[in-house]
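Notes follow once the structure below has been shown.
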There are 2 protein chains.
Amino acid sequence: MKLAVTGKGGVGKTTVAGTLARIFAHRGSIVYAVDADPDANLASAVGIDAEAAEAITPISGMTDLIRERTGSEPGSSTPVYKMNPRVDDLPASLSTEAHGVRLLRLGTVKKGGGGCICPESALLKSLLVHLMLNENEVVIVDMEAGIEHLGRATARGVDAMLVVVEPGRRSVQTAGAIVRLAGEIGIARILVLVNKVTESDTDFCDSLGDEFEVIGCLPLSEEVRRADLNGKAPFDAAPAFVSEVEAVLGKIEKALGI
Amino acid sequence: MKLAVTGKGGVGKTTVAGTLARIFAHRGSIVYAVDADPDANLASAVGIDAEAAEAITPISGMTDLIRERTGSEPGSSTPVYKMNPRVDDLPASLSTEAHGVRLLRLGTVKKGGGGCICPESALLKSLLVHLMLNENEVVIVDMEAGIEHLGRATARGVDAMLVVVEPGRRSVQTAGAIVRLAGEIGIARILVLVNKVTESDTDFCDSLGDEFEVIGCLPLSEEVRRADLNGKAPFDAAPAFVSEVEAVLGKIEKALGI
């Protein structure tokens, strides 16, 4: 399965993506977790410390590879993409394994004025489209906040998109835009996960069902907040939250017929 | 003064930018508020209802203009920018005034797979660099979440950048990246504003002073949360918050020698 996690900034995309990756790995799946947010932090949500994360070669750092496969200089504002870059052999050279999760990073913005991330996004798009998975393999992509990646169609190759929302109008507006745009790039299933729900928000959670295919509602978690402040992965430090995400994962698999 | 408001998604950039715009307008300044986030919502933070906001022509919707001024099709992934687009005459045709604020929008991603926002960002960059302001004129730009805009150097032309952070490691990591990258594109002053501070976070606020030029700490505001849920601008519905932002603005002006 290839799953992209999306949503407005701050809703908990990375927390959800990192926890899902660890749950799959714990079950024995082979997991590729892809950090596609240039303002990157999936590593810490998976439980890889900052130094080890820095040592991973990001896709954006593979200058020769991007030039060869996309026909563009990384960071160039004049990319001319080759239509079918070969990507079959990329994962092994780009990933680092920890906690049973193979982490890939799109990479960050290295230099002010250094350019956009269009060439890197094109490479990731090809990777997601062309990657052939065995039954026991899972790809989870933590997308950049917001909606620009949908203009680029970076996640076109995924089987499903999980849109995280939190109580509040703005993240729901973003979710509405994501659902529409993701449909336009041909993503088959788009599920909405509500996060940070307090007791006073139960109506909010229910009301979203009219507009979206809501797959679950996760509670606002003090455990998760503390894990973040202490630099721990939720999987290692927030057991109640992990149980909730496991239950949601069961519903996702049922919805997708897995 | 040209001021760009930046930060990780969800920290309150838009709330701060919209409130600053209204405060300046209330004082009698001529205010241009630019929504440069494709996942846009500055209009509602200024107090313009969704229908009126939709009626504004976004920069990205000005197809002919972008083609003429940047030499690129909007949404094209192969932009070839002209170095010096003429932008002096843009604001009047692109802005709509409400509550004394002239609102401009970069525009959103209209179609899944429709392309990146590089050409639009190039136009906005030129606009910010070339716009000549009189003493009583202010430009406030609500930047997209995260750091990709710094690779594009969209905000190169501003006099100062206000980086909003909230208590928590991740928004501080983002702020660190923003400060470094903004320095690289030559932004003269980079000020940090802490938002959503609770009583237990006072140490957090103090500790940031070692790393950043902290200009103020705004409290977590139930007023603002309620205003957002009710679709009201904080300026109209959260008077205590507005007073706090006014105090911060005084400090910003002092820091910038205005």
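So that the names make sense, note that chain A is the first sequence line, chain B the second, and so on, each numbered from 1. Just so we're clear, the structure is a prediction, and the values are computed from it rather than from any experiment.
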Is any side-chain heavy atom of [X] closer than 4.5 Å to a side-chain heavy atom of [Y]?
{"X": "B:Thr14", "Y": "A:Arg170", "answer": "yes"}
{"X": "B:Ile190", "Y": "B:Val163", "answer": "yes"}
{"X": "B:Leu193", "Y": "B:Phe212", "answer": "no"}
{"X": "A:Lys13", "Y": "A:Lys8", "answer": "no"}
{"X": "B:Leu103", "Y": "B:Ile48", "answer": "yes"}
{"X": "A:Val16", "Y": "A:Leu162", "answer": "yes"}

Contact origin within A:Ala155 toward chain B - heavy atom pairs under 4.5 Å
neither
Contacting region of A:Glu144 [heavy-atom separation from chain B under 4.5 Å]:
side chain
Heavy-atom pairs under 4.5 Å with chain A: which of [options] has the most?
{"options": "B:Arg180, B:Arg156, B:Arg225", "answer": "B:Arg180"}
{"options": "B:Gly10, B:Ala153, B:Gly113", "answer": "B:Gly113"}
{"options": "B:Gly168, B:Ala182, B:Gly9", "answer": "B:Gly9"}

Based on non-hydrogen pairs under 4.5 Å, which of A:Val11, A:Asp228, A:Asn230, A:Ile185 is most in contact with chain B?
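The option with the most such pairs is A:Asp228.
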Please determine, among A:Lys125, A:Glu148, A:Arg152, the option with the most heavy-atom pairs under 4.5 Å with chain B.
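Counting heavy-atom pairs under 4.5 Å, the top option is A:Glu148.
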